[in-house]
K.L.:
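Below you'll find the structure I mean.
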2 protein chains.
Amino acid sequence: MIPAQTPEDRPAGQARQLPPATVSRLTLYLRTLNALLADGVENVSSDALAESAGVGSANVRKDLSHLGSYGTRGVGYDVANLSRQIAQALGLTHEWRVAIVGAGNLGRALARYAGFESRGFDVVALLDADQMVIGTEIGWLRVSDVANLESVLESTRANMVVLALPAQVAQSVCDRVVEAGVHSILSFAPVALSVPEHVNLRKVDMATELQILAYHAQRLQEPGLERDRPGA
Amino acid sequence: MIPAQTPEDRPAGQARQLPPATVSRLTLYLRTLNALLADGVENVSSDALAESAGVGSANVRKDLSHLGSYGTRGVGYDVANLSRQIAQALGLTHEWRVAIVGAGNLGRALARYAGFESRGFDVVALLDADQMVIGTEIGWLRVSDVANLESVLESTRANMVVLALPAQVAQSVCDRVVEAGVHSILSFAPVALSVPEHVNLRKVDMATELQILAYHAQRLQEPGLERDRPGA
DNA sequence: AAATGTGAATTTCTTCACAGCC
DNA sequence: GGCTGTGAAGAAATTCACATTT
């Protein structure tokens, strides 16, 4: 009978489900907005945002329109307000406590990465399986034994986990993390992990990125070598 | 008008431009195939590949069909052959020499990351601006002075560059890299870089990934407006 | 005049479903 | 029977273009 909810229905600022492509671009806009904010800039156009994110301006406007109408025609967007709206839509007003599993080269680099702290992500634990590493201090954290994963997650109330460990052990640690009730996982392990439906898993894979570059590079590099037909 | 050219036109093994989404999945299939190869498995079905890459099997078949018909109906794909075909399509038969700029935590982690070497990417140089770090050995490499970027890129014949440096200096180093003739760049700097048309730039951004996780986590966590209570 | 917000058109990507081959 | 390869259908994302507002 009554439609579930018309757009005007929802409390201002409470967007319904955003398209995935939009979500990832919103993070880019947010970064630009925060830089502008630091510079004291008050207004920004969709064109300027598009430029700094490397997308089209119509795309920016459509993305932002999913959050509501926060722009002013003829003027642009208020930097401070839009930054706030995006942060809220992305859930960055919550407190996120991140545990990093794996204190190898990558895990250590991540633990010290200033970008996390400055964006509202608190690194609350660093764990490893190597007895030589457990107990040492890295950054301002003491490395915990991954054998105690469950209790560390609980005592630190971590609600996100970053996996920075070898492919061989990634799945089993991942299972324990899920079992322990953490449902947001970012994996750097070069392997596909399987998780239950309700778990959010994202992957970052550096070798994959290089391979994609290789594909494009190769195609530029041999423009017409063995091509029977020159040009289009 | 006459269609440009039919698929049968192209020399076997010389694929036409692949859709971007396909390229990134091919890297996943390749990883699985190489693992199977190491295990001595000879055949694999699109279903099995789909499972290990976390996509649908029709998607796998469509992706692979862009390379040509390398499967056998009723049987599946020959692991060794398919691995070779994908590697070739991705341009991994070339020799890729990677220079890493920035020997901070992340740069060091990348320099030691075994995943690169094992996938045909040769890390040939590591550069930094810090006099305390220049000249020290990390992994197999001696850290060079980024002031000599151009000559290092030339002498090592690097054809890819990984940027692992702070946002403030990323653009200027990026410009020098492009000017020096390297057209494939993977950036870990949390900033949008602008490059000429013909340069391939990819970005990996850890803070962005966490923000996307935060968005999804928040939605699960939100005390449902019209959501069922998560009790099951 | 300037720039947003948005339906409509377009392109790209995914999924379906089944013919064809082993 | 089992599994690939692929047109056709469907869904998602992007781009266009312009009415609308300041």
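Hydrogens, waters and symmetry mates are skipped; everything else that's a heavy atom, side chains included, is used.
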K.L.:
Between which nucleotides of DNA chain C, read 5' to 3', does contact with chain B run, using atoms under 4.0 Å from its heavy atoms?
P.N.:
C/dC13 to C/dC22

K.L.:
Is it true that the side chains of B/Gln211 and A/Arg119 contain a donor and an acceptor less than 3.5 Å apart?
P.N.:
no

K.L.:
Treating primed atoms plus P, OP1 and OP2 as sugar-phosphate and everything else as base, which nucleotides of nucleotides 10-15 of chain D get B, S or - for protein heavy atoms under 4.0 Å?
P.N.:
---SSB

K.L.:
CG of B/Leu82 versus P of D/dT4: gap in Å, rounded?
P.N.:
11 Å

K.L.:
Return the residues of residues 72-79 of chain A meeting this criterion: a heavy atom under 4.0 Å from some atom of DNA chain D. Order them by number, or give none.
P.N.:
A/Thr72, A/Arg73

K.L.:
Just checking, is any N or O donor in the side chain of B/Asn34 or B/Ser83 under 3.5 Å from an acceptor N or O on the other one?
P.N.:
yes

K.L.:
If you compare every side-chain N and O of B/Ser46 against the phosphate oxygens of D/dT4 (OP1, OP2), does one of them come in below 4.0 Å?
P.N.:
yes

K.L.:
Return yes when atom CD of B/Glu51 has more than 12 non-hydrogen atoms of other residues, nucleotides or ligands closer than 6.0 Å, and no otherwise.
P.N.:
no

K.L.:
Calculate the interatomic distance between A/Asp47 atom CG and D/dC16 atom C1'; express it in whole Å.
P.N.:
14 Å

K.L.:
Check the angle between the aromatic planes of A/His94 and A/Trp96 and answer parallel, tilted or perpendicular using the 30° and 60° thresholds.
P.N.:
parallel

K.L.:
A/Val79 and A/Glu42: side-chain contact (heavy atoms from CB on, under 4.5 Å), yes or no, with the steps?
P.N.:
CA-CA 5 Å; A/Val79 172; A/Glu42 291 190 358; 5.7 Å; no

K.L.:
May I ask you to decide whether B/Arg25 forms a salt bridge with B/Asp63, counting only side-chain N to carboxylate O separations under 4.0 Å?
P.N.:
yes

K.L.:
Please report the closest heavy-atom contact between B/Ala170 and B/Leu163, naming both atoms and the distance.
P.N.:
O-CD1, 4.3 Å

K.L.:
Work out which heavy atom in A/Tyr70 is nearest to a heavy atom in A/Gln85; give both atom names and the distance.
P.N.:
OH-OE1, 3.2 Å

K.L.:
Within a strict 4.5 Å, meaning less than it, do heavy atoms of the A/Val123 and A/Phe121 side chains meet?
P.N.:
no

K.L.:
How about A/Leu64 and A/Ile86: do any of their side-chain heavy atoms sit closer than 4.5 Å?
P.N.:
yes

